[in-house]
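Below is one structure; the comments refer to it alone.
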Amino acid sequence: LTFSSFTTEGQYFYHKEDVDRAAIHITYFIPGRHEMSLQDRSALSVASYILGGSFYSLLMRRLRLELGLIYGGGADFSLSFENGEFVVHCSTSLEKAQEAYKEMTLVLGKFLAKGVSAVDFERAKKYQTFRTLMMFDSPQRITNFLAHDLFWYKRIETIEETVAAIESLE
């Protein structure tokens with residue numbers, strides 16, 4: 001799975017009310033479920049965790065812990081049948097919004113160009129494997145998982161297949 005070259009050019013949408021906070025979202029439009037393999041979806045899960053899935057993520061380390069620019073942030077993705085989106089986001093004060101946006105683009109650009117250390121990559125894969133196994137911790141979640149797979153993929157992707165897809169990422 002590859003993303004297009006990162007650029008800060010594009011469309012910008014602003015909505016302002018009488019508030020003292022800003023929400024910043026950088027969105028990549030990506031293919032939908034029908035074009036994504038299990039390995040592609042696994043790569044998106046690992047990437048979202050590395051960028052913004054924990055307090056130890058690249059965004060939180062740089063923008064919150066090192067620079068004190070944001071209240072919170074993250075990265076995630078959503079897929080419909082025909083299209084999807086990968087979103088990197090944060091919340092900050094209006095005074096720090098421009099600097100936070102600039103730093104977000106730097107973190108994202110560096111990640112896309114250079115990736116992360118082998119240690120961080122393996123930690124992210126282990127986390128995603130754990131999350132996958134935890135999806136089967138109750139009858140309700142098992143039922144949800146089975147219904148989701150049957151609805152979207154017309155087959156059940158097993159735990160073993162999902163873990164193998166995560167482990168195969170390089």
Side-chain angles (χ1 to χ4, degrees), residues 1-10 12 21-33 35-79 83-93 95-137 141 145 148 157-170:
L1 180 66
T2 58
F3 288 95
S4 59
S5 299
F6 179 72
T7 177
T8 57
E9 297 174 12
Y12 298 88
R21 290 176 174 62
I24 302 169
H25 291 242
I26 299 173
T27 303
Y28 275 93
F29 296 101
I30 57 177
R33 288 182 191 280
E35 294 181 43
M36 291 240 181
S37 68
L38 177 56
Q39 188 167 15
D40 291 338
R41 295 189 313 274
S42 297
L44 285 171
S45 292
V46 170
S48 65
Y49 177 75
I50 290 169
L51 277 167
S54 75
F55 207 71
Y56 189 70
S57 70
L58 297 177
L59 284 172
M60 292 300 283
R61 276 190 281 178
R62 178 71 181 148
L63 277 75
R64 183 179 169 102
L65 299 176
E66 293 174 19
L67 301 175
L69 292 174
I70 64 174
Y71 306 123
D76 47 54
F77 68 97
S78 63
L79 300 172
N83 53 46
E85 60 183 28
F86 186 89
V87 181
V88 179
H89 55 89
C90 75
S91 59
T92 186
S93 66
E95 300 82 35
K96 296 179 180 179
Q98 287 184 338
E99 186 178 358
Y101 174 76
K102 176 186 166 201
E103 288 295 329
M104 283 177 72
T105 62
L106 293 173
V107 169
L108 184 55
K110 182 179 177 185
F111 172 71
L112 292 173
K114 298 181 180 181
V116 294
S117 72
V119 170
D120 284 346
F121 186 63
E122 288 304 315
R123 183 178 48 80
K125 286 172 41 178
K126 285 179 183 176
Y127 175 81
Q128 289 304 342
T129 297
F130 173 74
R131 274 191 64 206
T132 298
L133 297 174
M134 289 304 296
M135 290 181 354
F136 297 91
D137 69 343
R141 289 175 60 137
F145 181 84
H148 172 272
E157 294 173 340
T158 67
I159 297 172
E160 293 81 8
E161 289 174 298
T162 304
V163 170
I166 294 167
E167 289 175 351
S168 71
L169 297 175
E170 297 178 354

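Worth knowing before you read on, the calculation uses all heavy atoms, side chains too, and leaves out hydrogens, waters and symmetry mates.
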Verify, without hydrogens or angle tests, whether Arg61 (side chain) and Tyr56 (backbone) share a donor-acceptor contact under 3.5 angstrom.
-> yes

Heavy-atom pair of closest approach, residues Ala100 and Leu63 = O-CD2, 3.6 Å

Examine distances only and state if a side-chain atom of Arg41 and a backbone atom of Met36 form a donor-acceptor pair shorter than 3.5 Å.
-> yes

Can you see which heavy atom on Ala75 is nearest to which on Ser48, and at what distance?
-> O-CB, 3.4 Å

Point-to-point distance, once rounded to the nearest 0.5 Å, from CG of Asp40 to CZ of Arg33 | 13.0 Å

ring-ring contact (aromatic ring centres under 6.0 Å, His included) partners of Phe77, counting only residues at least two apart | none

4.5 Å side-chain heavy-atom contact, Leu38 and Thr162 = yes

side-chain contact (heavy atoms from CB on, under 4.5 Å) between Asn83 and Ile30, intermediate numbers included | CA-CA 6 Å; Asn83 53 46; Ile30 57 177; over 6 Å; no

Listed partners of Glu66 passing salt bridge (charged side-chain N to carboxylate O under 4.0 Å, His left out), at least two apart | Arg62

Can you tell me how far the CG atom of Leu112 sits from the OG1 atom of Thr105, to the nearest 0.5 Å?
-> 11.0 Å

Taking the side chain from Arg141 and the backbone from Met134, do they hold a donor-acceptor pair closer than 3.5 Å?
-> yes

Are Val46 and Tyr127 close enough, and set up right, to give a side-chain contact (heavy atoms from CB on, under 4.5 Å), and what steps lead you there?
-> CA-CA 8 Å; Val46 170; Tyr127 175 81; over 6 Å; no

Which is it for Phe86 and Thr27 under the side-chain contact (heavy atoms from CB on, under 4.5 Å) test, yes or no, and what are the steps along the way?
-> CA-CA 6 Å; Phe86 186 89; Thr27 303; over 6 Å; no

Please assess Glu161 against Thr158 for the test side chain to side chain donor-acceptor pair (under 3.5 Å), listing each intermediate value before the final yes or no.
-> CA-CA 5 Å; Glu161 289 174 298; Thr158 67; 3.3 Å; yes

Do Arg123 and Tyr49 have side-chain atoms, one donor and one acceptor, less than 3.5 Å apart?
-> yes

Value for OG1 (Thr92) from CG (Leu67), rounded to nearest 0.5 Å, stands at 10.5 Å

State whether the number of non-hydrogen atoms from other residues, nucleotides or ligands found under 6.0 Å of Phe130 atom CZ is greater than 12.
-> no

Of the non-hydrogen atoms in Val87 and Glu85, which two are nearest, and what is the gap between them?
-> CG2-OE2, 3.8 Å

Aromatic ring pairing Phe145/Phe136, orientation class (parallel under 30°, perpendicular over 60°, tilted between) | perpendicular

Please answer whether the main-chain N or O of Glu167 pairs with a side-chain N or O of Lys125 as donor and acceptor at a distance below 3.5 Å.
-> yes

Within 45° of the six-membered ring axis of Tyr71 and under 6.0 Å from that ring's centre, is NZ or CZ of Arg21 located there?
-> yes

Any chance the side chains of Ser168 and Gln39 put a donor and an acceptor closer than 3.5 Å?
-> yes

Passes side-chain contact (heavy atoms from CB on, under 4.5 Å), Leu108 versus Leu59? Steps please.
-> CA-CA 8 Å; Leu108 184 55; Leu59 284 172; over 6 Å; no

Correct closest heavy-atom pair for Ala47 and Phe111 would be CB-CZ, 4.1 Å

At their closest point, which heavy atom of Val88 faces which heavy atom of Met104, and how far apart are they?
-> O-CE, 3.6 Å

Using modelled atom types only, decide if a donor and an acceptor are shared between the side chain of Ser57 and the backbone of Leu51 within a distance under 3.5 Å.
-> yes

Interatomic distance, OG1@Thr129 vs CD1@Ile159, rounded to 0.5 Å, equals 11.5 Å

Spacing of Met60 atom CE and Cys90 atom SG [to the nearest 0.5 Å] | 9.5 Å

Nearest-0.5 Å distance, CD1 of residue Ile70 to CD1 of residue Ile24 = 8.5 Å

